[in-house]
Amino acid sequence: RHPSPPSLCHTLTPTHHTPSAPAAASHPSPPPPPTPHLPAHALTVQVLDYYHQTLKQSPEALAYLQSRGLNHPDLVEHFKLGYANRTLGLRLPNKQRASGADIRARLEKVGIYRESGHEHFNGSVVVPVLDDAGGVCELYGRKITARLRPGTPLHMYLPAHDARGRGVFNLAALQASKEIILCEAVMDALTFWCAGYRNVTTAYGVEGFTDELLAAFKAHGVQRVLIAYDRDEAGERAAAKLAPVLMAEGMECFRIQFPK
């Protein structure tokens, strides 16, 4: 039998802040490009650094975050948010040169570039999933550009994630709290964080609660999970499926009931 849910007023106690838009750089200069001949993991980190600096100099990306209520002044730096605005290729060595061809081939191997030669996350705000050492486990992209071609996905991740794992978004939450808010999407988790709820992480989509996430919950001794999936049919179904899995591992499990 499910235990009686605690008062959400007690359970969800935010750390308050005064909303403000993330600040753009006062004297922007082009961010440095990735360095050729780096190992794959270091190359991905450098690309993220490039996207991160690009976002801070991109009014359209900052305006998108503001429009979503993602306006905490520390958000961009804390999560190392980035923006892929189609300028990365312009900062790489010419593709006709050996160094340019080599770095593009390695960027394709890690999923930053596609076989077509286009950046995978073009036109997207990019949110990394980082490990304790600052390495990139996963990248999530949310398209923000207008007039997309019909059928263009708004949400994307790095390809071929099954073999490499995906990490745990906001791992610090598991290290700091025994009670975790679990969202179904990265942007939802960022919204909770901006509202002051720092004990938040996310699955990778409504059916994306991974074995890796479960193992991390167990390893960090999570005692209570508040499932904050959407109140649509898919979210309700996924929450009902996940709750017994978590409770079988000894975790209390509650459903946050958003208004429909």
Side-chain angles (χ1 to χ4, degrees), residues 15-36 38 41-93 103 107 110-113 118-146 148 154-158 167 169-173 185-198 200-202:
T15 302
H16 294 290
H17 75 282
T18 301
S20 61
S26 55
H27 300 288
S29 58
T35 305
L38 286 174
H41 67 278
L43 182 62
T44 306
V45 169
Q46 280 211 346
V47 170
L48 177 60
D49 288 340
Y50 180 86
Y51 287 161
H52 180 56
Q53 296 303 320
T54 299
L55 181 142
K56 293 191 288 185
Q57 300 173 12
S58 301
E60 66 273 28
L62 295 171
Y64 173 78
L65 295 177
Q66 181 76 2
S67 73
R68 293 289 301 261
L70 302 177
N71 52 13
H72 191 285
D74 298 331
L75 177 74
V76 170
E77 289 296 335
H78 184 82
F79 288 106
K80 206 171 183 179
L81 305 188
Y83 181 46
N85 66 346
R86 300 175 175 83
T87 61
L88 177 62
L90 302 176
R91 304 283 291 154
L92 299 177
I103 194 170
L107 287 171
V110 299
I112 300 295
Y113 261 56
H118 296 97
E119 286 178 68
H120 182 59
F121 293 106
N122 269 348
S124 301
V125 166
V126 178
V127 184
V129 178
L130 304 175
D131 61 23
D132 275 336
V136 178
C137 301
E138 178 64 280
L139 293 176
Y140 163 78
R142 173 55 162 92
K143 291 281 189 184
I144 68 169
T145 51
L148 295 170
L154 296 178
H155 311 273
M156 62 191 66
Y157 295 93
L158 286 172
F169 178 74
N170 194 23
L171 183 59
V186 171
M187 288 296 182
D188 296 341
L190 291 178
T191 301
F192 268 102
W193 192 91
C194 285
Y197 304 106
R198 302 302 161 80
V200 63
T201 189
T202 183

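Note that the coordinates shown come from a computational prediction; the quantities given were computed from them, not determined experimentally. We use all heavy atoms of the structure for the numbers below, so side chains are in, but hydrogens, waters and symmetry mates are not.
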>> Determine whether L139 and H120 satisfy the following criterion, side chain to side chain contact (heavy atoms under 4.5 Å, CB included), listing intermediate values before the conclusion.
In response: CA-CA 11 Å; L139 293 176; H120 182 59; over 6 Å; no
>> With side chain to side chain contact (heavy atoms under 4.5 Å, CB included) as the criterion, how do L107 and L92 come out once you've worked through the C-alpha distance, each side chain's angles and the decisive distance to 0.1 Å?
In response: CA-CA 11 Å; L107 287 171; L92 299 177; 3.8 Å; yes
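Between L154 and L148 the shortest side-chain heavy-atom distance falls below 4.5 Å. Residues F79 and V186 fail the side-chain proximity criterion, which asks for heavy atoms closer than 4.5 Å. The shortest distance between side-chain heavy atoms of L70 and L81 does not fall below 4.5 Å. Contact annotation: the side chain of D49 approaches that of K80 to within less than 4.5 Å [non-hydrogen atoms, C-beta and beyond]. Side-chain atoms of H52 and V76, non-hydrogen and from C-beta on, do get closer than 4.5 Å to each other.
Note that CG of L158 and CD1 of I112 are 5.5 Å apart. Values are rounded to the nearest 0.5 Å. A distance of 12.0 Å separates NE2 in H155 from NZ in K143, rounded to the nearest 0.5 Å. Once rounded to the nearest 0.5 Å, the distance linking OH of Y83 with CG of L65 reads 10.5 Å. Distance check, rounded to the nearest 0.5 Å: CG of D131 to CD of E138 gives 12.5 Å. A distance of 12.0 Å separates SG of C137 from CZ of F169, quoted to the nearest 0.5 Å. Here the CG-CD1 distance, from L88 to I103, works out to 8.0 Å after rounding to the nearest 0.5 Å.
Within the 3.5 Å criterion, the main-chain N or O of W193 finds a donor-acceptor partner in the side chain of R198.
The salt bridge (charged side-chain N to carboxylate O under 4.0 Å, His left out) search around E77 returns K56, not counting sequence neighbours. For D74, the salt bridge (charged side-chain N to carboxylate O under 4.0 Å, His left out) test picks out no residue, with sequence neighbours left out.
Between G82 and L55 the shortest heavy-atom distance is O-CD1, 3.1 Å. Closest heavy-atom contact between R68 and T191: O-OG1, 4.5 Å.
Each of V129, V45, L43 was scored for a side chain to side chain contact (heavy atoms under 4.5 Å, CB included) with V136, with one residue passing: V45. When the options Y157, F121, Y51 are evaluated for a ring pair (Phe, Tyr, Trp, His ring centres under 6.0 Å) with Y140, the one that passes is Y157.
Environment of NE2 in H118: sparse, with no more than 12 heavy atoms of neighbouring residues, nucleotides or ligands closer than 6.0 Å.
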